[in-house]
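Each chain gets a letter, A, B and so on, in the order the sequences are listed, and its residues count up from 1.
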There are 2 protein chains.
Amino acid sequence: MVKKSPVISVTVDAVVFGYAKTEGVSVLLIRRKYPPFKDEWAIPGGFVLEDESLEEAVKRELREETGISVKYLEQLYTFGAPDRDPRQRIISVAYFALVKTARFMALKADTDASVAQWFNITELPALAFDHKHILEKAIQRIQAKLRYEPIGFELLDKKFPFSDLERLYVSLLGREIDRRNFKKKMLSLEILDELDEYARNDGAGRPGKMFSFNKQRYTQLQKEGILFEI
Amino acid sequence: MVKKSPVISVTVDAVVFGYAKTEGVSVLLIRRKYPPFKDEWAIPGGFVLEDESLEEAVKRELREETGISVKYLEQLYTFGAPDRDPRQRIISVAYFALVKTARFMALKADTDASVAQWFNITELPALAFDHKHILEKAIQRIQAKLRYEPIGFELLDKKFPFSDLERLYVSLLGREIDRRNFKKKMLSLEILDELDEYARNDGAGRPGKMFSFNKQRYTQLQKEGILFEI
DNA sequence: CCAAAAGTGTTCAGGCTACACCCATGG
DNA sequence: CCATGGGTGTAGCCTGAACACTTTTGG
C-alpha cells in the first residue's frame, strides 16, 4: 500500500539565548503582528522554504525578524501535536541559539523594541501557541548541556574576566557556586588561556584578569577522549 | 510580510532496538518493496497523517510494517536536508524505540523474515536514503543515555539475572565491564529488587539470582533529585 | 571431576566539598 | 579609609578503579 502525503506545513522556531553581566541570561522574543495571537509574545520563526535546509531557514528567519545572526545553533526538538496551531496542521522544528554579549547589546540599538525584545529567563511573559512549552524545553536543555559541553563561552565575549563566567553559570543553573572550586575545576580542564590583561573597572572593586576560551585545545582534548564536565 | 507555506511532506522513522542474550543488541530493519531504493534495507517509517500526532504515526507505522508495538519511544532528531529524498522535499522526524526481549522473539514467528528482520548493531547492511546517518545518531544517543537513565531495563524481561544486565551494557557500550564494580554501583542506586528466584539453567554454570527494575522507586528517587548514573 | 558461569571485598588514588581571609581599586 | 569585588589553599571524605578466588550447577 502506498500512501498519499497529507498537507502539513513545516516551520522552524528558534530560542535565542543571550547574556549580559548585569541582567543574567535572557531570551529573545518577538511581538506578533498578525493573528492568530496578534500582539502576543512569541519565539521567532517561520515557514521553511522549499529549497533551503532547516538551519538555513532558522538563520534567515532570525535575520528577517530580529536582525541578529547567530553562530551557535542546535536542534532542540520537533513539536507536532495536531492542534498546536489553530489554522492548520503545522509541525515546528525548534532550535536553540546562543549569541555573544556584544551582539546582544547591538540589538538594543538596531531594532524597534516593540517588535523584538530580550526577556530575562526568570521574568518571561505569556507566549503564543505552545511556545511556553518550547522555551521550557530549551532552558532544560541548555542547563543540562552547560554541564558537559563548553557552550557557556558562546554567550561571552572573546575575552572575559573569570567572574563573568561564574555569573553566567549561576544565572543559568539558578544556584550559588563556590568560587574557588569552580575556578579550580575550570582551570584543570586546560581549555582557558590566561591573558595579560585586566578588566576595565566599572565602579568599584579589584579588576579581574581576562581569560579566553581555547577552542583548538578543546577540540584536541575531545579527540583524545577527554571530556568537559563541570 | 506573510509567507505562503511550500509543499513539504513529513514522515516519521523509528530505530527499534532489541536485545537477546545470545546475540546482543539488534536493530529492526525492513526491506523496501517499492522504489526508490527498492529491495534495499531501511528503517521502518512512513508519512504522518493529517490528524495524528507524531508518536501515533510512529506506532501505527511500526504496527503496519513490522507487527510489533513498542512501549519506550523517544524522539531522536529531525532530518530535513533538501535532497535527502530524490522524489520530493521530505522532512523526517526520527524516533528511537526499545522493545523487551519477549516481543523481540515474537517477531520471528509473526513476520515474513524477508520483509522485517533484526540486525546486530555490529553487522548492519547498507541502508536506503540517509538512514545510515539516522542509525548512527540513534546508537550514539542510546549509548549516552544508558549512562544517565535506566533505559536498559526497557530491553530486558521483567525478571532478569544480573548477568543479562551486564551483557546488555557490554553489548551496547562495546567494551568490557568489571562485574564486581558494576554490580556494586547498580545495587547502590537501590532501584533493583532482588527476587527469591533463580534463572533456569540452559547449559552449564551456576544459576543466577533474578532481579527486577523497581520503577516506582526510581521515580521517587528522581523526584528527590537523586540521579541515575553509571 | 571438569567446564562454565555467578558470587563476592579490599585497597589505593584522585576528585569533590567545605570553608575564610587578604588584595587591588574607585570614590 | 571604606566599600566592592577578585584572588587564593587545605583537609577530610567519598567515589571509582583495579584486582582473583570460591561456589554452584550440568555434563
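Taking CD from Glu136(B) and CG from Asp130(B), the interatomic distance works out to 10.5 Å, rounded to the nearest 0.5 Å. In this structure, OH in Tyr77(B) is found 15.0 Å from OH in Tyr95(B), a value given to the nearest 0.5 Å.
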Below 3.5 Å is the cut-off: list the nitrogen or oxygen pairs between protein and nucleotides 9-17 of chain D, distance only.
unit_1, atom_1, unit_2, atom_2, d
dT10(D), O4, Lys184(A), NZ, 2.9

Would you tabulate the nitrogen or oxygen pairs shorter than 3.5 Å linking the protein to nucleotides 21-24 of chain C?
unit_1, atom_1, unit_2, atom_2, d
dC23(C), O2, Arg206(A), NH1, 3.4

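For the residue pair Gln216(B) and Gln220(B), no side-chain donor N or O sits within less than 3.5 Å of a side-chain acceptor on the partner. Ser26(B) and Asn120(B) are not linked by any side-chain donor-acceptor pair at a separation below 3.5 angstrom, with hydrogens and angles left out of the test.
The distance between atom CD1 of Ile230(A) and atom P of dT17(C), rounded to the nearest whole Å, is 10 Å. The distance between atom CG of Leu187(A) and atom C1' of dG15(C), rounded to the nearest whole Å, is 16 Å. Atom CD in Glu176(B) sits roughly 17 Å away from atom C1' in dA20(D) (whole-Å rounding). Atom NZ of Lys209(A) is separated from atom C1' of dT25(C) by 17 Å (rounded to the nearest Å). With rounding to whole Å, Arg200(B) atom CZ is found 13 Å from dG26(D) atom C1'. In this entry the distance linking CZ of Phe211(A) with C1' of dG6(D) reads 11 Å, nearest Å.
Phe182(B) and Glu166(B) make their closest contact through CE2-CA, 3.7 Å (heavy atoms, listed as atom of the first residue, atom of the second, distance).
Put simply, Lys183(B) has a side-chain N or O that comes within less than 4.0 Å of OP1 or OP2 on dG7(C).
For Phe17(A) and Tyr19(A), the gap between ring centers reaches or exceeds 6.0 Å. A centroid separation of less than 6.0 Å is found between the aromatic rings of Phe37(A) and Phe129(A).
Within the cation-pi definition used here (under 6.0 Å to the ring centroid, within 45° of the axis), Lys183(A) qualifies as a partner of Phe162(A).
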